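Structure first, commentary second.
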Number of protein chains: 4
Amino acid sequence: MSELRQLPADLLHVNTGGHEPIYRQLMMQLQRMVAAGQVSPGDALPSVREVALALGVNPMTVSKAYSLLEAQGVLERRRGMGMLVAAQSSAASSQLERLDMLRPGLERIAQEAQQLELSPAPVIALLRNLMKGSQG
Amino acid sequence: MSELRQLPADLLHVNTGGHEPIYRQLMMQLQRMVAAGQVSPGDALPSVREVALALGVNPMTVSKAYSLLEAQGVLERRRGMGMLVAAQSSAASSQLERLDMLRPGLERIAQEAQQLELSPAPVIALLRNLMKGSQG
Amino acid sequence: MSELRQLPADLLHVNTGGHEPIYRQLMMQLQRMVAAGQVSPGDALPSVREVALALGVNPMTVSKAYSLLEAQGVLERRRGMGMLVAAQSSAASSQLERLDMLRPGLERIAQEAQQLELSPAPVIALLRNLMKGSQG
Amino acid sequence: MSELRQLPADLLHVNTGGHEPIYRQLMMQLQRMVAAGQVSPGDALPSVREVALALGVNPMTVSKAYSLLEAQGVLERRRGMGMLVAAQSSAASSQLERLDMLRPGLERIAQEAQQLELSPAPVIALLRNLMKGSQG
DNA sequence: GTGGTCTAGACCACT
DNA sequence: GTGGTCTAGACCACA
């Protein structure tokens, strides 16, 4: 029997105000955590009810995120055990794969910067600053 | 000389496929054009009907974009004569102000990069690449 | 031959920004000037072109105001002489009649004050202040 | 106790006959109700469909009023759950703030009274009368 | 259940 | 010519 790690529900965050749907915020966060190896195949996810309570959102919303990730093969539903990270979910992804998850966002930034007639230098400087900040 | 510049309608583009509402795409494009100084206070905007025809969308959709920009102080209504860029819309914004329009997007990128356990270097390299591409 | 007074075009004002149509602003102003006796039956009005130029509005807008006042019997069109204040326009109105012109606006104020749960005292105090200001 | 107050839809009224657009009538009514404290931050608004039904207008018209108030920071959207009065909407406004909402109208009255060469006394008397009427 | 978006079309008001 | 308003109805996304 492998020892079951249980992902704490309070690792997830949600921004109710923005335009991005809550279920999608949850999906993307979980996907990133899997990709980064912060959670491994076989690890258990907090129950729908638990997450819903911790985040103050509707349980159906959490359930939707879980179900979509299951359909994507990222999660697995185990009878009586809730959801856990799927075995074939290739554990942590390579740096290149993870970088690719950022590509759409970066492409959009690049396009907007061009429309704002901003040269790469200041944009990159700002991004470097923000990344130092959140890591330091 | 009361020479009135008229923004050509075909400078606007719209992506019907995506999730972002058409009216919002128009709003953001116009806002960036004003900020970048590609269009100046007092310049006339193409008529609602003109834009609607050029983009193949419903006039009300264009009108919604215009109205919201007016409520935001970016545009001004000249009764019976169309819309124009508002006077107090501070002409072209400074580089710092324009950079600030990118900040939310960059903050999000930084947060996601952290969750993906990506170091600044590769992310910044990718962004630099994308920005070179759109400028070349 | 009675001596013809000519109303100067710059007595009229117009607020392009608001919701009230320009032609209506002109109509109401002229009506108030007649009612107050600031202009008398037989007095000539500035030409459409003159007013349009002085106010920076479309001549058709001025013309519309004049025509509607003519239809109302306030103005008279005299061939080759432009518009003049109609003879039967009862010269200056009585105080009661003039007060009645303010009634709709005051009724609206009263209704809004009630919805705002404002008692009469402060509203009346503010109005008294504003009237002193514009008269002093 | 998470007791949610729900604003009844029949508190809203609409005058189809006048010139003022329906959506704007709704906006102003709601704004005054918030300012007067008749409805508090966190209170739920009647659903778009409910109001539309009660008033016999198109749901889009109601939705427009709600959306504009949201853009103005008066209301907040709870995805899939309806609208509620925004938290930062400073609860009931002070008497001074509410009085300020009447200022533009009163300024206009004062200006018109001056053009009508009316002295403050009769105007104020009329207003006092009208306000008594709506309170009795 | 909630609001959001878009369309097609009619009608209006202003300039 | 300009934008504004409203309707009726369809379809979508979210919770």
Side-chain angles (χ1 to χ4, degrees), chain A residues 14 16 18-26 48 52 55-65 68, chain B residues 14 16 18-26 44-52 55-67 69-70 75-84, chain C residues 14 16 18-26 48 52 55-65 68, chain D residues 14 16 18-26 44-52 55-67 69-70 75-84:
Chain A
V14 136
T16 312
H19 285 188
E20 195 177 16
I22 297 174
Y23 83 92
R24 181 169 285 272
Q25 293 179 46
L26 293 176
V48 164
L55 276 72
V57 300
N58 193 309
M60 286 181 56
T61 307
V62 183
S63 180
K64 180 172 186 177
L68 286 172
Chain B
V14 134
T16 312
H19 287 181
E20 196 175 18
I22 297 174
Y23 81 91
R24 182 170 286 273
Q25 294 179 45
L26 292 176
L45 272 76
S47 83
V48 165
R49 290 159 172 91
E50 213 174 331
V51 175
L55 299 180
V57 300
N58 190 294
M60 271 199 68
T61 305
V62 182
S63 182
K64 185 173 184 176
Y66 278 12
S67 294
L69 287 173
E70 189 205 1
L75 301 184
E76 243 175 297
R77 234 175 55 225
R78 281 279 187 274
R79 331 245 317 226
M81 312 214 42
M83 311 282 289
L84 34 84
Chain C
V14 135
T16 313
H19 284 190
E20 195 177 17
I22 297 174
Y23 84 92
R24 181 170 284 272
Q25 292 181 47
L26 293 175
V48 165
L55 275 69
V57 301
N58 192 311
M60 286 182 58
T61 307
V62 182
S63 180
K64 181 172 184 176
L68 286 172
Chain D
V14 134
T16 312
H19 286 180
E20 197 175 17
I22 297 174
Y23 81 90
R24 184 171 285 273
Q25 293 179 45
L26 292 175
L45 272 75
S47 83
V48 166
R49 290 160 173 91
E50 213 174 330
V51 176
L55 299 180
V57 300
N58 190 296
M60 271 200 66
T61 305
V62 182
S63 180
K64 185 173 183 176
Y66 278 12
S67 294
L69 286 173
E70 190 205 1
L75 301 185
E76 244 175 298
R77 235 176 54 223
R78 280 281 186 273
R79 332 244 318 224
M81 311 214 44
M83 311 281 290
L84 33 84

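This structure is a prediction, so every number in the text was calculated from the model and none was measured. Just so it is clear: chains get the letters A, B, ... in the order the sequence lines come, proteins before strands, and each one is counted from 1.
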For the atom pair [atom1] ([X]) and [atom2] ([Y]), what is the distance rounded to the nearest 0.5 Å?
X	Y	atom1	atom2	result
C:Arg24	C:Thr61	CZ	OG1	14.0 Å
B:Ser63	B:Glu70	OG	CD	9.5 Å
D:Arg79	A:Thr16	CZ	OG1	8.5 Å
D:Lys64	D:Leu26	NZ	CG	11.5 Å

Mind calculating the distance between [atom1] ([X]) and [atom2] ([N]) to the nearest angstrom?
X	N	atom1	atom2	answer
B:Gln25	E:dT5	CD	C1'	12 Å
B:Leu84	F:dG3	CG	P	11 Å
D:Leu55	F:dC6	CG	P	12 Å
B:Leu26	F:dG3	CG	P	14 Å

**Study point:** Criterion side chain to side chain contact (heavy atoms under 4.5 Å, CB included) against B:Glu76, the qualifying member of B:Leu45, B:Leu69, B:Leu84
**Key:** B:Leu84

**Study point:** Nearest non-hydrogen partners of C:Asn58 and C:Ala52, listed with the distance
**Key:** C-CB, 4.3 Å

Exercise for review: Might you point out which heavy atoms bring C:Tyr23 and C:Ala65 nearest each other, and give the distance in Å?
Suggested key: O-CB, 3.5 Å

Practice item. Would you indicate, yes or no, if E:dG3 has its OP1 or OP2 atom less than 4.0 angstrom from a side-chain nitrogen or oxygen of D:Ser67? Key: no

Check your understanding: At under 4.0 Å, does any side-chain N or O of D:Ser63 touch on OP1 or OP2 of E:dG4?
Key -> yes

Just the atom pairs and distances: protein N or O near nucleotides 9-15 of chain F's N or O, under 3.5 Å.
| from | atom 1 | to | atom 2 | distance (Å) |
| --- | --- | --- | --- | --- |
| F:dC14 | OP2 | A:Tyr23 | OH | 3.2 |

Point to revise | Dot-bracket line, read 5' to 3' along DNA chain F, where crossing pairs take [ ] and | marks a partner on another strand, Watson-Crick or G-U under 3.5 Å | key: ||||||||||||||.

Point to revise | Minimum side-chain heavy-atom gap C:Val62-C:Leu55 below 4.5 Å | key: no

Check your understanding: D:Gly56 or B:Arg77: which one's nearest nucleotide on DNA chain F is closer to the 5' end?
Key -> B:Arg77

